[in-house]
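First the proteins, then the strands, lettered A, B, ... as listed; each starts at 1. Quick caveat, the model's predicted, so the values are computed rather than measured.
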Amino acid sequence: MDHDLAVAWLRATAAAVEQRHQELTELDAAIGDGDHGTNLRRGFAAVTGLLDELDPAAPPGSVLTRAGTTLISKVGGASGPLYGSALRAAGTALPAPTADMMDLAQALRAGLTALQKLGGAAVGDKTMVDAFEPAVAALERAAFDGFTLREASALAAEAAEAGARATIPLEARKGRASYLGRRSIDHQDPGATSTALLFAALAEVSSPH
Amino acid sequence: MDHDLAVAWLRATAAAVEQRHQELTELDAAIGDGDHGTNLRRGFAAVTGLLDELDPAAPPGSVLTRAGTTLISKVGGASGPLYGSALRAAGTALPAPTADMMDLAQALRAGLTALQKLGGAAVGDKTMVDAFEPAVAALERAAFDGFTLREASALAAEAAEAGARATIPLEARKGRASYLGRRSIDHQDPGATSTALLFAALAEVSSPH
Amino acid sequence: MKKLINTPESVLDDTLAGIAAAHPELTVDRAARVVHRADAPRPGKVALISGGGSGHEPLHTGFVGPGMLDAACPGEVFTSPVPDQMLAAISAVDGGAGVVFVVKNYTGDVLNFSLAAELAAEQGIEVRTVLVDDDVAVQDSTFTAGRRGTGATVVVEKVCGALAERGAGAAEVASIGELANAASRSFAVALTAATVPAAGKPGFDLPGDEIEVGVGIHGEPGRRREPLRPARELVAEVVETVLADHTLASGDQVIALVNGLGGTPLHELYLVYGEVAARLAERGITIARRLVGNYVTSLDMAGFSLTLTKADPQLLELWDAPVATPALHWS
Amino acid sequence: MKKLINTPESVLDDTLAGIAAAHPELTVDRAARVVHRADAPRPGKVALISGGGSGHEPLHTGFVGPGMLDAACPGEVFTSPVPDQMLAAISAVDGGAGVVFVVKNYTGDVLNFSLAAELAAEQGIEVRTVLVDDDVAVQDSTFTAGRRGTGATVVVEKVCGALAERGAGAAEVASIGELANAASRSFAVALTAATVPAAGKPGFDLPGDEIEVGVGIHGEPGRRREPLRPARELVAEVVETVLADHTLASGDQVIALVNGLGGTPLHELYLVYGEVAARLAERGITIARRLVGNYVTSLDMAGFSLTLTKADPQLLELWDAPVATPALHWS
Ligand SMILES: Nc1ncnc2c1ncn2[C@@H]1O[C@H](COP(=O)(O)OP(=O)(O)O)[C@@H](O)[C@H]1O
Ligand SMILES: Nc1ncnc2c1ncn2[C@@H]1O[C@H](COP(=O)(O)OP(=O)(O)O)[C@@H](O)[C@H]1O
Ligand SMILES: [Mg+2]
Ligand SMILES: [Mg+2]
Ligand SMILES: [Mg+2]
Ligand SMILES: [Mg+2]
């Protein structure tokens, strides 16, 4: 991952959020407070603003770190600090000026660890972790198997998507949805859904057009 | 009019109000504040309570006066003082122990005068006066022509009913409906409608069953 | 109808039970339906009494206390009180120095308070009445019942109360009330209709995105119905409407009341206040004092009213005087 | 959606403009989204800072002033504030005697305030946090995010503010806040759902005569849905529910808050308070102090919450201490 790819990834995520914020908000309305799409939209609009002004020489890690800081400053809610801290930790772990597949997988693992440390959620708690963890695991496996970024990110996107869908039958144990107890069952977690968008965006920008 | 007829008249009015309070309230909702039926229902329930406890020797005038006082004490709104003062003035004017047709007509004229003095409304202002005035005028004519109470009160009831219906095309100039200006047109005045009930009740109790 | 009540018939009594429990500093006579200062009567002090239909809380019960009303007479919901209540209030709070009624200009209120004044006069008690009629939505002409009394009631009760507290005579108290009323204009906009408990359904239909412009506090229909617009435009128009009927010029000071009608949350009222302040600033009018909140409500109606009182040093000084009531409290 | 707003995006900023205009005694930093005492920082005084999503007004901005908060950080509607706001608040009001955060227990609030505390620590500023979690509708277990913070926030901010005003240290201020929180339990009932401006429609469907029992202040669904009942029965059940989770016995004293959720008129809240008082009297529990009104709202939601804080002489004394904020004001 280099500067351009990091920027492209964040822009593609911003575009996906812009396009699907209503869906995210509706998922959140069902088991949360109905603002997840609005929150991320506000955050990624600010990230887009940041990217527009960015030094083209900035290493990819600093792109992610600064995007994470922007999310923390703009999103609020649970998802802002979680995504923000994840991106910040990932960015900090990413070597400059370019990172290979294994570097990227490790950096995103570092991001996930930060997210989990802050939020305290494990896989199965019906949160973004349920999409994030399998996506990172898929990246790690693919890196280990020597896959290209295109192949690896496609696998990660699939895994994130499957993880998001797998939250449907779960009972939430973290975040606002946990107040619902068993009534959180049969709803897809909004944060896991936006995580799937994040990894789909990575796959998208990693494929030649 | 004697004690029994006065009591019967008020009871018949109370029954009519109880039966038709919703209609009165709906008329008031259209051009007022939607409480005319509720107001009169509360007032006539109290009048019924008064009648239950009344000295059987009380002259008819005192029955009306005390009923008027009860309405003033219980109804509130515009209609309470107006009907209450009208009944009080009529009762005061009624000779004891019995009143003939002319006495009754004159007493109700006194009641109407008190009502108009208090409220300041003239015929055509779209108020209870529009039903009250023609009813009293009909009674006076009938008394002059030597009609029986049965005949006279039937004519008065008809006149009151016609007067109430005649408020429909009028623009209100008194009371809450006057705020509406031209938009008060095409609605029947609730107070005129309840006045029609009052005179219909008089006709009802004046007819042999 | 969704309301936190027991039965429509018992709303007033049950509310009074709550007020009695919540405010030990007030005396609540549930039988007579009078709320009055516990320390009344105060010898030598003019007794300031108001009242009106319920459903406008905190008006009037929430304005009883030192520096404001001596007693309030709450009627049934949206129905004026009966003269017996005012007479009971007089006998509870009359300190022998005269009685002043503050009456909102509605036929029912005017008739019931004037019967009460007549009956009091028969007992040798002279009553003066301040009539509040500030709502510019109604044309004040011989063809109407005249302007309705709305938000200015708060200002009138406050300044009369302050003057009465200082031992002023009844004529003086009534005349400052008349002055405050004459200096005040109000206008209201409803986003939804109020539901009277006994009626069980909203007083009028307000479909989709429509609003009632110039509504009365009993849900009396307003000047017109129109689509809801952004607050900035709507408030600009409300300010225009109030000023069109006012004698305010650049350099003048006002007391401003942005009042919620009951169902509108505080953050919207602040937002409206911000727009009001901006529009008045453009015209060089200074808001010297203000209230933002629910003061003269209309049950659960959503919407707001704006009251502007042209303020002179005397009115401001009386406005600032200490007050200790459930709804207004400063020292 | 019928709201007095300009655009859903500008609600917070426009509301802050209104607060700024209405309260010259406060400093409103619209860019930083911080509302703070104009006389801050006060050297030697612990800085008491709170905040949370908007839409709960007067919470928290209405509790800024002498005797209560030094600063409030309002987030977007129903969305917790971001750490930048808390850092800006600290730099505006930190008098060098320590900082205490009052945080309602929601994941978003907890995370953002704790990031802020971390960042402050990096600047050498130690922050203590009082977590408010009083809502008994949520089971407090490792399988949930824990109890939500609701009405008790008012009590916590009041007593912490009183102690801070007297020059107590940060540890002492935080510990009285924890004590007040531990002594408090709340429960809420919604008659209608709130509409978040950005969403444009009610957060949940509440058909016909149904109510949401145990609702959260962001419209989080409650324990169950059931038909609306007369206030007497409903309140009796709410009182039961709160007491079932409390350690109150006959002879105890409480501070009681009957709080409107935004769309419920004051007369209904008084009626509810009357029922609460009657139920507690039956059990020999004395309401030593009380508030009846809109304090912790949920936009335009109709309904109420009940908070009972077991009161000891120290809490009562701090409750009675002077306070001068837009929403609480006594001397
Ligand atoms: N403790 C947690 N750990 C990880 N993810 C969480 C946690 N709490 C909440 N989330 C995620 O955050 C999402 C909600 O984000 P958002 O709606 O933006 O915040 P809020 O709940 O504050 O309104 C949830 O769907 C869930 O995936
Ligand atoms: N000034 C008046 N003179 C005569 N009748 C009046 C006057 N004002 C109102 N009314 C009558 O009172 C009726 C309304 O009574 P009601 O609804 O009980 O009182 P309110 O208007 O106070 O709610 C009107 O329909 C009208 O007939
Ligand atoms: Mg959310
Ligand atoms: Mg009426
Ligand atoms: Mg009425
Ligand atoms: Mg949120």
For D/E233 and C/N6, test the side chains for any donor-to-acceptor distance below 3.5 angstrom and give the result as yes or no.
-> no

So NZ of D/K2 and CG of C/L191: to nearest 0.5 Å the spacing works out to 6.0 Å

What part of D/A277 is in contact with chain C, defined as an atom under 4.5 angstrom from a non-hydrogen atom: side chain, backbone, both or neither?
-> side chain

So, do C/E268 and D/P197 sit near enough that their side-chain heavy atoms are less than 4.5 Å apart?
-> no

Can you tell which of D/H267, D/E275, D/R229 has the highest number of heavy-atom pairs within less than 4.5 Å of chain C?
-> D/H267

Among C/T192, C/V77, C/L266, residue most engaged with chain D (heavy-atom pairs, under 4.5 Å) = C/L266

Between chain D and each of C/I19, C/V258, C/V189, count heavy-atom pairs under 4.5 Å; write down the option with the most.
-> C/I19

Pick from D/G62, D/G208, D/A20 with the largest number of heavy-atom pairs that fall under 4.5 Å of chain C = D/G208

Chain C contact via D/L228 - which portion, at a heavy-atom distance below 4.5 Å = side chain

Under a 4.5 Å heavy-atom cutoff, which of C/P230, C/A22, C/S331, C/P326 has the most pairs with chain D?
-> C/A22

Looking at D/M1, D/H56, D/E210, which has the largest count of heavy-atom pairs under 4.5 Å with chain C?
-> D/E210

Cut-off 4.5 Å, heavy atoms of chain C, and the answer for D/T15 is both

Are any non-hydrogen side-chain atoms of D/L271 and C/I5 less than 4.5 angstrom apart?
-> yes

For the residue pair C/A231 and D/L4, what are the closest heavy atoms and their distance?
-> CB-C, 3.8 Å

Less than 6.0 Å separating the ring centroids of D/H23 and C/Y270?
-> yes

Select one option (side chain, backbone, both, neither) describing which atoms of C/L328 are under 4.5 Å from chain D's heavy atoms.
-> neither

Can you say whether D/R232 sits under 4.5 Å from chain C via the side chain, the backbone, both, or neither, judging by heavy atoms?
-> both

Most heavy-atom pairs under 4.5 Å with chain C, out of D/P265, D/G293, D/G274, belong to D/P265

Set of side chain to side chain donor-acceptor pair (under 3.5 Å) partners for C/D209, sequence neighbours left out = none

